[in-house]
Amino acid sequence: MKEPSSPQISRAMSAVVGLGGAVALTVLLVSAGAHTSLPKPAPPPGAVSAATARAKVVGRGVTLVSESVDLPYDSLFFVGPGSDVMNANCTACHSASMVTNQPALTVEDWKAEVDKMRGVYKASVTDDDAPGILTYLSAMSLMTAALNSPARPASAGSRSSDGTTSTK
Amino acid sequence: MILQRTRPPLLETPMAVFDKHLFTPNDRFFVRWHWADIPTSIDVAAFRLNIRGHVGRSLSLTLAELLAMPRVEMAAVNQCSGNSRGLFQPRVAGGQWAHGAMGNAKWVGVSLRYLLDLAGVRPGATEVRFAGLDEPLVAGAPDFAKSLAVDHARDGEVMVAFLMNGEQLPLLNGFPLRLIVPGWYSTYWVKMLSEIEVLDKPDIGYWMAKAYRVPDMPGANVAPGAKGYRTVPISRMTPRSWITNIADGARLPAQHKLSVGGIALGGDAGVAKVEISGDGGRSWTEARLGADSGKYSFRRFDGVLSGFPAGRRTLMARCTSNAGIAQSMTPNWNPGGFMRGCVEKTEVVIG
């Protein structure tokens, strides 16, 4: 394995643990123990060697040193009825949390997002899968609206005093 | 850090950090990436910065060559276009940031003007486009690239930075090189900068022509649901201020005098004054400003409010920039959740 990652990433990884609860709470589609995890994939062949990671460039009092980080593997997945189509299509490019952190959006808002992912960002979502994604997202937003009523911005919501907890 | 998203990373700086540090520590600096294919290692010996396009001669510069060039230094705030998007009402889609998608740092690097002059910008050049090493995971998706007008790119302030607060940049903040566009939103501050392309026609790429566009109105403000208005690429930041020594929702003991402090940003014009209020904006007291680190930096403010009967109180800070622009008392709104700039409220309970 590579060197320990930056403090930022370490903090991110510890925050991920907390996020698991948040996702389960937000989605609220199945019972406890809802989120699953997958093992972190092995580093690809030819990953940067320790020797390369130590290379330096020096000039006029400034030294730049080769750098590498381990980005945390995201072990959070969509849960509940209809989640298969979400996990098959959405998490290839981004975390489930990007979706579950969204406020309650209308069906039209979600359709615009799905259309953007397909049309602009070239997500390989088939015509067969698109309706299931929209159904899941709409159901999630109904749940979010119910949980957040009366409205209070999630991002300004509960945080520990040191500000290290995440999201809703 | 507050984790907004693991992949691609979105990390938000907690407000408590801004109370302790006028210059945001590198390992507490907010992180935002568009695409998940981010190089997780950078070999400084192999890295090249390419300058090409409508120039006299294309360049492929090593980091050693950049370190040998004349340097410039500047303090500047890097703020996400969507900072505070999570506070928009009605809510909008996108990264649900509170106020921590920003940071202030001392940047050292080479002036972009120096680099462009080295390559020789040819007559007829219109814009300069910037791209980094990150790439989309999916073929055909638009690679992230942003452009500035040639005159802006050559204004002597835009720089290619290799030091952030005296150290090399963290990889997630763009190591080894980041474009610094003082006074402008972070979308232009391209990370892992590897390509500078001089164009002789307008950039019609997705990230300029379709994304990061705002209503062409003061404060980018439109009514929710409005249609048919003209949009322009997001550009200059506006004045903002935040009370950082008292958290929103805090319960405070009954007291006659209350110290209120925080940070202010003049947008692209420096901080002229900051006023504070303990009665929801009915009366204002001018705060004392801290050291001036330049017109693009955060500036500390501190003041004392007196006469606090027990009960719920709304604390506020209002920044006026050196361009004479004061923060609005009412929130602006647009569907992208960009450019929030209103006076923020810190609700407290006294006694």
Side-chain angles (χ1 to χ4, degrees), chain A residues 2 6-9 11-13 15-16 18-19 47-48 52-53 55-60 62-74 76 91-95 97-98 101-105 109-110 112-113 120-124 151 153-156 159 161-167, chain B residues 1-12 14-17 27-29 31 35-36 38 40-45 62-64 66-68 71 85-89 91-98 100 108 136-142 162-163 168 170-172 175-176 206 210 247-248:
Chain A
K2 286 179 242 177
S6 77
Q8 271 178 342
I9 293 303
R11 271 194 294 278
M13 284 197 283
V16 166
L19 191 63
V48 171
T52 309
K56 286 181 187 173
V57 170
V58 183
R60 297 180 52 223
V62 170
T63 302
L64 301 178
V65 186
S66 289
E67 185 161 316
S68 37
V69 296
D70 281 335
L71 291 176
Y73 188 71
D74 197 350
L76 298 164
T91 55
C93 289
H94 62 76
S95 297
S97 61
M98 186 58 189
N101 284 353
Q102 294 303 309
L105 301 176
D109 288 339
W110 278 126
E113 291 300 313
V120 182
Y121 300 157
K122 307 299 180 191
S124 56
S155 51
R159 291 178 184 213
S161 56
D162 65 356
T164 51
T165 54
S166 63
T167 67
Chain B
M1 302 296 280
I2 301 160
L3 183 75
Q4 291 279 358
R5 181 178 69 192
T6 304
R7 196 175 63 94
L10 297 185
L11 301 172
E12 179 172 345
M15 288 308 281
V17 172
D27 65 353
R28 311 304 304 275
F29 210 97
V31 168
W35 295 119
I38 305 165
T40 54
S41 63
I42 297 290
D43 177 355
V44 291
T62 65
L63 289 172
L66 279 165
L67 290 182
R71 290 177 190 167
R85 180 184 289 119
L87 300 165
F88 271 56
Q89 290 289 355
R91 303 287 299 270
V92 294
Q96 299 298 306
W97 305 107
V108 173
L137 286 173
V138 186
F162 46 75
L163 291 183
Q168 68 181 37
L171 189 139
L172 286 183
F175 181 76
Y206 173 75
K210 301 283 185 198
D248 188 31

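Quick note: numbers below take in every heavy atom, side chains included, and nothing from hydrogens, waters or symmetry partners.
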Original post:
Considering only heavy atoms from C-beta outward, does the side chain of B:L172 approach that of A:L71 to under 4.5 Å?
Top reply: yes
Original post:
Do side-chain atoms of A:S66 reach the backbone of B:V44 as a donor and acceptor pair under 3.5 angstrom?
Top reply: yes
**OP:** Looking only at non-hydrogen atoms, find the nearest pair between B:L137 and A:C93 and report the distance.
**Re:** CD1-CA, 3.8 Å
Subject >> Closest non-hydrogen atom pair between A:Q102 and B:G95, with its separation >> reply: NE2-N, 4.5 Å
Subject >> Shortest non-hydrogen contact from A:L64 toward B:F162 >> reply: CD2-O, 3.8 Å
Subject >> Separation between OG of A:S95 and CG of B:L10, rounded to the nearest 0.5 Å >> reply: 8.5 Å
Original post:
If only atom types and distance count, is the side chain of B:R7 paired as donor or acceptor with the main-chain N or O of A:A92 below 3.5 Å?
Top reply: yes
**OP:** Output the option from B:A45, B:A247, B:A36, B:P142 having the highest count of non-hydrogen pairs under 4.5 Å with chain A.
**Re:** B:P142
**OP:** Kindly indicate whether the side chain of B:T62, heavy atoms from C-beta on, has any atom under 4.5 Å from the side chain of A:V57.
**Re:** no
Original post:
What heavy-atom pair brings B:S41 and A:S68 nearest, and what distance separates the two atoms?
Top reply: CB-CB, 3.4 Å
Subject >> side chain to side chain donor-acceptor pair (under 3.5 Å) partners of B:W35, counting only residues at least two apart >> reply: none
Subject >> A:N101 and B:Q4, any side-chain heavy atoms less than 4.5 Å apart >> reply: yes
Original post:
Quick one: of A:T63, A:D109, A:V120, who has the most non-hydrogen atom pairs under 4.5 Å with chain B?
Top reply: A:V120
Original post:
Of all heavy-atom pairs between B:Q168 and A:E67, which one has the smallest distance, and what is that distance?
Top reply: NE2-OE1, 2.9 Å
Subject >> Segment of A:L105 engaging chain B (4.5 angstrom heavy-atom cut-off) >> reply: side chain
Subject >> side chain to side chain donor-acceptor pair (under 3.5 Å) against A:S124, all qualifying residues, sequence neighbours excluded >> reply: none
**OP:** With a 4.5 angstrom heavy-atom cut-off, could you sort out which part of A:A112 is near chain B: side chain, backbone, both or neither?
**Re:** neither
Original post:
For A:P103 and B:V92, which heavy atoms make the closest approach, and how far apart are they?
Top reply: CG-O, 3.8 Å
